[in-house]
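Working notes, beginning with the structure itself.
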Protein chains: 2
Amino acid sequence: MNNKINTKENLIETAAKLFETKGYYGTGLNEILAESGAPKGSLYYHFPKGKEQLALEAIYSEGKKIKSNVQTHLQNIEHPIEAIVSIIESIAAVIDSDEKSEDMTISLIALETYLTSDILRNACLEIYTSLENLYSEKLIKSGMNKENAIKLGCVISEMIEGGIVYSLVKKSGNPLRLIAEQMPKLLII
Amino acid sequence: MNNKINTKENLIETAAKLFETKGYYGTGLNEILAESGAPKGSLYYHFPKGKEQLALEAIYSEGKKIKSNVQTHLQNIEHPIEAIVSIIESIAAVIDSDEKSEDMTISLIALETYLTSDILRNACLEIYTSLENLYSEKLIKSGMNKENAIKLGCVISEMIEGGIVYSLVKKSGNPLRLIAEQMPKLLII
DNA sequence: GTCTATAATGAGATAGAC
DNA sequence: GTCTATCTCATTATAGAC
């Protein structure tokens, strides 16, 4: 892989993974340094403003991956319902597997910071909005009227987010699959 | 109010509020002690096992309040869709107000602890399951077949949870209201 | 760009007096 | 049941050498 090529990227990737799974307040900088294998002196060189700055870049990095996954499915599958169902199934499959559940959600860090850091809250908000837009655009392309598509883009994002929370806590992809099952009722064009 | 009547209850209530809004790892025991006004020496007397034990009781306390709010609406409003919409509206209204958004969700602490504490994860899971059951039972009473009702009970809970996350991050009850708007499409009996 | 050392603070937790 | 004092540890962050 592209390991060690870039210390800064390396730190961001590791931080993103840890913040996503263990939380912003639940993850220490030492832990990030240790797990990334990045040189110990380098953190405050690359991120002079400290933890919050690192988290900001980590959130954007996570957001990119999440958006990219959604985008891929929406592009490859023509029918919007099928595409959305396949997105949900791909997330459910990760949760059912033994892998660490990464690149799925920023909700933990969003909930942790929405009251304590406007910088991080806004970063999360931006990602949520992007996701909504991806869904809305797909629906519009499929012939749905704009007003409805915008509303449903938001609703779909919210449902998937709620489904992820339930699936993680229940350690099963099934709560997400129940969400997928309801999509046809919702997306009547 | 019933202030100071019971130090232990007082600690649990304050902890519940802080854990819910600032998170388990984001809230220190000192902060709980200070805000509760409880005697400083009393924490480890009432909760010998420390923070996790306090959190466990705080989660159950929060869960009781959340369930009670849902139950009240479901009992007072006969039509299931109207009842669920009014639950969602009540949450949206709190988020739109200037009050601290309490007694709405345990998702933050659920996401923080699902990997690090099976005790707390199970407590959250229990609350989620109770909420699902409340919705399912209402749907069954309204004539829906059992299988569908069970599935939709879960889906409704998930949707509301996702809606709360979005509404908190966006500092607006509207994402939740979009969820409410879709309920009629979903709950066809 | 990276290293080591360390400051400064706050965390969770414990012991023993009262 | 509560108080005070304290322990230990981890945290974020900084300073200065290389």
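In what follows, chains are A, B, ... by sequence order, proteins preceding strands, each numbered from 1. All values below were derived from every heavy atom in this structure, side-chain atoms included, with hydrogens, water molecules and symmetry-related copies excluded. Small disclaimer: the values here were computed from a predicted structure and weren't measured.
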Distance, rounded to the nearest Å, where [X] contributes [atom1] and [N] contributes [atom2]:
X: A:Glu31; N: D:dT12; atom1: CD; atom2: P; result: 9 Å
X: A:Leu33; N: D:dT14; atom1: CG; atom2: P; result: 15 Å
X: A:Asn6; N: C:dT2; atom1: CG; atom2: C1'; result: 14 Å
X: B:Tyr25; N: C:dG10; atom1: OH; atom2: C1'; result: 17 Å
X: A:Ile32; N: D:dA13; atom1: CD1; atom2: P; result: 11 Å
X: B:Lys8; N: D:dT2; atom1: NZ; atom2: C1'; result: 16 Å
X: A:Tyr24; N: D:dT11; atom1: OH; atom2: P; result: 14 Å
X: B:Lys51; N: C:dA13; atom1: NZ; atom2: P; result: 8 Å

What salt bridge (Lys or Arg N to Asp or Glu O under 4.0 Å) pairs are there with at least one residue in residues 128-146 of chain B, not counting sequence neighbours? A:Lys170-B:Glu132

Could you note down all residue pairs passing salt bridge (Lys or Arg N to Asp or Glu O under 4.0 Å) where residues 17-41 of chain A supplies at least one of them, sequence neighbours left out? A:Lys17-A:Glu35, A:Lys22-A:Glu31

Test of understanding: with side-chain contact (heavy atoms from CB on, under 4.5 Å), list the residues that count as partners of [X], not counting sequence neighbours.
X: A:Gln53; value: A:Phe47, A:Pro48, A:Lys49, A:Glu57
X: B:Leu186; value: A:Gln182, A:Lys185, A:Leu186, B:Leu152, B:Val155, B:Met159
X: B:Ser42; value: B:Thr7, B:Leu11, B:Ala38, B:Pro39, B:His46
X: A:Ile66; value: A:Glu62, A:Ile106, A:Leu131

Categorize A:Asn30 for me: base, sugar-phosphate, or nothing, with a 4.0 angstrom heavy-atom threshold over every strand shown. base

Atom pairs under 3.5 Å: protein N/O with N/O of nucleotides 4-8 of chain C:
none

In residues 42-50 of chain B, which ones come under 4.0 Å of DNA chain D, going by heavy atoms? B:Ser42, B:Tyr45, B:His46

Where the side chain of A:Leu29 is concerned, which of D:dA13, D:dT2, C:dG12 is the nearest nucleotide? D:dA13

Give a yes/no answer on whether the side chain of A:Thr7 brings an N or O atom under 4.0 Å of OP1 or OP2 in C:dT2. yes

Please tabulate, for side-chain N and O atoms in residues 78-87 of chain B, each donor-acceptor pair with protein atoms closer than 3.5 Å (sequence neighbours left out).
| unit_1 | atom_1 | unit_2 | atom_2 | d |
| --- | --- | --- | --- | --- |
| B:His79 | ND1 | B:Ile81 | N | 3.2 |
| B:Ser86 | OG | B:Ala83 | O | 3.0 |

Taking only Lys NZ, Arg NE, NH1 and NH2, and the carboxylate oxygens of Asp or Glu, determine whether B:Lys67 and B:Glu126 approach each other closer than 4.0 Å. no

Residues which pass side-chain hydrogen bond (donor to acceptor under 3.5 Å, both in side chains) with B:Tyr45, listed by chain and number, not counting sequence neighbours: none

Mind listing the residues from residues 55-62 of chain B sitting with a heavy atom below 4.0 Å of DNA chain C? Number order is fine. none

Which residue pairs satisfy the ring-ring contact (aromatic ring centres under 6.0 Å, His included) criterion with at least one member in residues 91-147 of chain B, sequence neighbours excluded? A:Tyr166-B:Tyr128

Considering all heavy atoms, the nearest A:Gly153-A:Leu139 contact: N-CD1, 4.4 Å

